[in-house]
Amino acid sequence: MGITVVLVSETGQHYPVSAKIRFPCTNNMAEYEACILGLRLAIDMNIQELMIIGDSDLLVYQILGEWPTKNTKIFPYLHCVQDLIKRFTNIEFKHILRIQNEFANAVATLYSMIQHPDKNFIDPISIEIRKQPTYFVNVEEEFDWNPWFHDIKEYLEKGEYLGNATYTQKRTL
């Protein structure tokens, strides 16, 4: 079984993390495993304010204290989550429908389908959104250990171009 959590920053940056569960557990236990995985990631990233949006109504309402926890296997998970949420200055829980949790479900499905030995680890999948062709932003860097504005500053101070400046660089300045 695969679990996935996706942290989304205020700027829209996605940080997905997945794990494969290789011990007997129920779906509800897996939901708690995913929640704890996300909380620990947020703690590691030093996040202070967090909104948890989950598609497990059982998990969300048990954590909020609105539903009782009857399954004794869930008690340790609930206590762990309650301990972890104390580390945040502000934390909210919101329930959404499973169909609205498309990204996490797709990554969890993909991850659960991958067969790999216990010794191997899979790096997180990086998904980027491109708003322009890759060649458009391809800039070769020069490693002269000066800040990006060094040549401009030199031109402004001395009033002359650098000795190796090309015609295009001179026009740019």
Side-chain angles (χ1 to χ4, degrees), residues 1-134 136-139 141 148:
M1 176 182 300
I3 59 172
T4 298
V5 175
V6 181
L7 290 182
V8 182
S9 71
E10 291 177 333
T11 61
Q13 179 72 36
H14 287 65
Y15 301 93
V17 62
S18 296
K20 194 165 199 162
I21 297 176
R22 290 202 173 152
F23 58 88
C25 77
T26 65
N27 286 341
N28 292 333
M29 291 166 65
E31 294 288 351
Y32 273 94
E33 287 282 343
C35 183
I36 292 167
L37 179 68
L39 287 170
R40 287 187 174 151
L41 176 63
I43 290 167
D44 289 346
M45 294 175 70
N46 202 26
I47 294 170
Q48 297 298 311
E49 296 184 12
L50 187 65
M51 176 185 282
I52 296 176
I53 302 173
D55 59 23
S56 169
D57 52 356
L58 180 88
L59 178 134
V60 170
Y61 294 121
Q62 282 180 343
I63 292 171
L64 292 174
E66 295 178 18
W67 288 6
T69 306
K70 297 176 184 176
N71 185 342
T72 56
K73 292 181 180 179
I74 297 296
F75 283 126
Y77 287 108
L78 182 60
H79 294 303
C80 181
V81 169
Q82 290 170 338
D83 287 342
L84 291 172
I85 62 177
K86 291 175 185 174
R87 298 185 183 192
F88 297 91
T89 57
N90 185 23
I91 190 163
E92 294 179 51
F93 287 84
K94 180 180 175 185
H95 175 255
I96 61 168
L97 299 175
R98 189 167 303 269
I99 193 75
Q100 294 173 305
N101 206 3
E102 303 166 334
F103 189 80
N105 289 336
V107 176
T109 301
L110 176 64
Y111 194 78
S112 68
M113 295 167 60
I114 297 172
Q115 300 296 322
H116 55 87
D118 290 335
K119 296 179 196 171
N120 293 343
F121 296 96
I122 298 174
D123 290 334
I125 298 171
S126 175
I127 300 174
E128 296 179 11
I129 297 173
R130 302 284 181 162
K131 294 184 180 181
Q132 56 190 354
T134 304
F136 188 76
V137 293
N138 186 19
V139 177
E141 294 185 45
W148 65 269

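Treat the numbers as computed from the prediction; the structure is a model and nothing was measured.
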Review point. Nearest heavy-atom pair of Val5 and Gly38: which atoms, and what distance?
Key: CG1-CA, 3.5 Å
Practice item. Not counting sequence neighbours, which residues clear side chain to side chain contact (heavy atoms under 4.5 Å, CB included) with Leu7? List them please. Key: Tyr15, Leu41, Ala42, Met45, Ile47, Leu50
Point to revise | Under the side chain to side chain donor-acceptor pair (under 3.5 Å) test, residues paired with Thr89 that sit two or more places apart | key: none
Exercise for review: For the residue pair Ile91 and Leu39, establish whether any side-chain heavy-atom pair is separated by less than 4.5 Å.
Suggested key: yes
Review point. Can you name the residues that form a side chain to side chain contact (heavy atoms under 4.5 Å, CB included) with Glu10, not counting sequence neighbours?
Key: none
Revision key, fill the gap. For residues 36-51, the salt bridge (Lys or Arg N to Asp or Glu O under 4.0 Å) pairs (sequence neighbours left out) are none
Point to revise | With sequence neighbours excluded, residues passing salt bridge (charged side-chain N to carboxylate O under 4.0 Å, His left out) with Asp57 | key: none
Point to revise | With sequence neighbours excluded, residues passing side chain to side chain donor-acceptor pair (under 3.5 Å) with Asn46 | key: Gln48
Sequence neighbours left out, cut at 3.5 Å: what donor-acceptor pairs do the side chains of residues 60-83 make with other protein atoms?
unit_1	atom_1	unit_2	atom_2	d
Gln62	OE1	Tyr32	OH	2.6
Gln62	NE2	Pro68	O	3.4
Asn71	OD1	Lys73	N	2.8
Tyr77	OH	Glu33	OE2	2.8

Review point. Nearest 0.5 Å, what's the CG-CD1 distance between Leu84 and Ile36?
Key: 6.5 Å
